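Below you'll find the structure, written out as C-alpha cells, and then a few comments.
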Amino acid sequence: MLLGFNLLNLAIWIPILSGILVLATGSDRNAGKARLIALVGAVLGFAVTLPLYAGFDSHAGGFQFTYLEPWIESFNVNYHLGIDGISLLLILLNSFTTVLVVIAGWEIIKERVSQYLASFLFLSGFMNGVFCALDALLFYVFFEATL
C-alpha cells in the first residue's frame with residue numbers, strides 16, 4: 001500500500017480523475033494545459049504500477065495486492081481487485097502505452113484536444129479495472145465502460 005491507498009485503486013482512478021481534470025480545461029484555447037495534465041496523469045498512472053511489478057512474488061500462488069470492499073451488499077457484490085502474473089503484465093503494458101499515446105498525440109491532435117486525451121485516459125483507467133477486477137459485476141461495469 002502506498003499512503004494508505006491500494007496500488008490497484010490508484011492505477012484505475014488516477015487516469016480517470018486526470019481525464020476529468022483534462023475535460024475541465026475546456027476548449028482548444030487551453031490545449032497546452034490539457035496536454036500537460038494528461039501527461040502528468042499518464043506518468044503518475046504508470047508510476048503507481050511500477051511498485052506492483054517490484055513487489056510481485058512470482059512464486060506465490062493466487063492473487064496479490066488484493067483489495068476488497070463491499071459494494072452492493074444485498075446481492076453480495078463487492079469492489080474486489082487483485083492481480084496475477086498475466087494481469088500484472090497487461091496493466092503495465094496499458095499504463096506504459098498510455099504515456100506513449102499522450103506523447104505521440106502532443107502535436108498531431110490539434111482539434112478537440114481535451115476530449116481526445118480525456119477519453120484515452122478514461123479508457124486506460126477502465127482497462128486497468130478490467131484487468132484487475134475479481135468480481136463478475138465489477139468486471140462487467142469496467143468492461144462496458146471501455147466500450
Side-chain angles (χ1 to χ4, degrees), residues 1-26 30-73 75-106 108-109 112-147:
M1 291 234 234
L2 180 72
L3 302 173
F5 293 108
N6 183 281
L7 292 172
L8 295 177
N9 273 322
L10 292 174
I12 294 168
W13 295 106
I14 285 177
I16 293 171
L17 294 175
S18 298
I20 293 171
L21 287 175
V22 168
L23 277 180
T25 62
N30 299 322
K33 188 185 292 186
R35 288 183 181 107
L36 185 61
I37 293 171
L39 182 61
V40 169
V43 168
L44 283 175
F46 178 61
V48 298
T49 63
L50 294 176
L52 293 173
Y53 181 74
F56 189 80
D57 183 8
S58 60
H59 299 293
F63 292 99
Q64 298 178 34
F65 301 100
T66 58
Y67 180 82
L68 176 63
E69 191 71 37
W71 185 20
I72 307 171
E73 294 184 45
F75 293 109
N76 196 27
V77 175
N78 299 305
Y79 182 79
H80 193 189
L81 306 173
I83 57 170
D84 59 5
I86 295 172
S87 57
L88 168 67
L89 295 177
L90 292 171
I91 289 171
L92 284 169
L93 178 66
N94 176 50
S95 298
F96 180 68
T97 304
T98 301
V99 175
L100 294 180
V101 167
V102 170
I103 292 170
W106 200 266
I108 302 297
I109 307 300
R112 299 184 182 176
V113 175
S114 61
Q115 291 91 339
Y116 172 79
L117 293 171
S119 63
F120 201 84
L121 287 167
F122 291 150
L123 178 64
S124 176
F126 291 136
M127 283 178 62
N128 283 342
V130 166
F131 295 143
C132 65
L134 296 180
D135 186 89
L137 189 61
L138 182 64
F139 173 83
Y140 176 77
V141 168
F142 280 133
F143 183 77
E144 287 297 320
T146 63
L147 298 178

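Predicted model only: the values in this text are computed from it and were never measured. Sequential numbering from 1 along the given sequence is applied to the chain's residues.
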Where do [X] and [Y] come nearest, in terms of heavy atoms and distance?
{"X": "Thr49", "Y": "Ala11", "result": "CG2-CB, 4.0 Å"}
{"X": "Thr146", "Y": "Val130", "result": "CG2-CG2, 4.1 Å"}
{"X": "Leu23", "Y": "Ala118", "result": "CG-CB, 3.5 Å"}
{"X": "Gln64", "Y": "Phe56", "result": "OE1-CD1, 3.5 Å"}
{"X": "Ala38", "Y": "Val22", "result": "N-CG2, 3.7 Å"}
{"X": "Ile109", "Y": "Val113", "result": "O-CG2, 3.5 Å"}

If you round to the nearest 0.5 Å, how far is [atom2] of [Y] from [atom1] of [X]?
{"X": "Leu44", "Y": "Leu10", "atom1": "CG", "atom2": "CG", "answer": "9.5 Å"}
{"X": "Leu50", "Y": "Leu7", "atom1": "CG", "atom2": "CG", "answer": "10.5 Å"}
{"X": "Met127", "Y": "Asn94", "atom1": "CE", "atom2": "CG", "answer": "4.5 Å"}
{"X": "Ile20", "Y": "Trp13", "atom1": "CD1", "atom2": "CH2", "answer": "8.0 Å"}
{"X": "Leu17", "Y": "Phe122", "atom1": "CG", "atom2": "CZ", "answer": "9.0 Å"}

Legend entry - Working for side-chain contact (heavy atoms from CB on, under 4.5 Å), residues Val141 and Trp71: CA-CA 12 Å; Val141 168; Trp71 185 20; 3.9 Å; yes
Inset, instruction - Starting from the C-alpha separation in whole Å, work towards a yes-or-no answer on side-chain contact (heavy atoms from CB on, under 4.5 Å) for Leu8 and Ile91. - result: CA-CA 9 Å; Leu8 295 177; Ile91 289 171; 4.2 Å; yes
Inset, instruction - Applying side-chain contact (heavy atoms from CB on, under 4.5 Å) between Leu81 and each of Asn128, Thr66, Leu68, Ile12, report the one that passes. - result: Ile12
Legend entry - Donor-acceptor contact present, side-chain Ser18 to main-chain Ile14, <3.5 Å: yes
Legend entry - Sidechain-backbone polar pair: Ser114 side chain, Gly26 backbone, donor-acceptor under 3.5 Å: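 Yes: the side chain of Ser114 pairs with the backbone of Gly26.
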Legend entry - Candidate pair Phe120 and Leu117, rule side-chain contact (heavy atoms from CB on, under 4.5 Å), full reasoning: CA-CA 5 Å; Phe120 201 84; Leu117 293 171; 5.8 Å; no
Inset, instruction - Find out whether Phe65 and Leu88 are in side-chain contact, i.e. whether some heavy atom of one side chain is under 4.5 Å from a heavy atom of the other. - result: no
Inset, instruction - Name the orientation class of the two ring planes belonging to Tyr67 and Tyr79 (parallel below 30°, tilted from 30 to 60°, perpendicular beyond 60°). - result: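 Ring orientation, 0 to 90° scale: perpendicular.
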Legend entry - Qualifying residues under ring-ring contact (aromatic ring centres under 6.0 Å, His included), relative to Phe96, sequence neighbours excluded: Phe46
Inset, instruction - Would you check, one step at a time, whether the test side-chain contact (heavy atoms from CB on, under 4.5 Å) holds for Leu52 with Leu92? - result: CA-CA 9 Å; Leu52 293 173; Leu92 284 169; 5.9 Å; no
Indicate every side-chain donor-acceptor pair of residues 131-140 with a distance under 3.5 Å to a residue at least two apart or in another chain.
unit_1: Asp135; atom_1: OD1; unit_2: Asn78; atom_2: N; d: 3.4
unit_1: Asp135; atom_1: OD2; unit_2: Leu137; atom_2: N; d: 3.1
unit_1: Asp135; atom_1: OD2; unit_2: Leu138; atom_2: N; d: 3.4

Legend entry - Residue pair Asp84 / Ser87, side-chain donor-acceptor N/O under 3.5 Å: yes
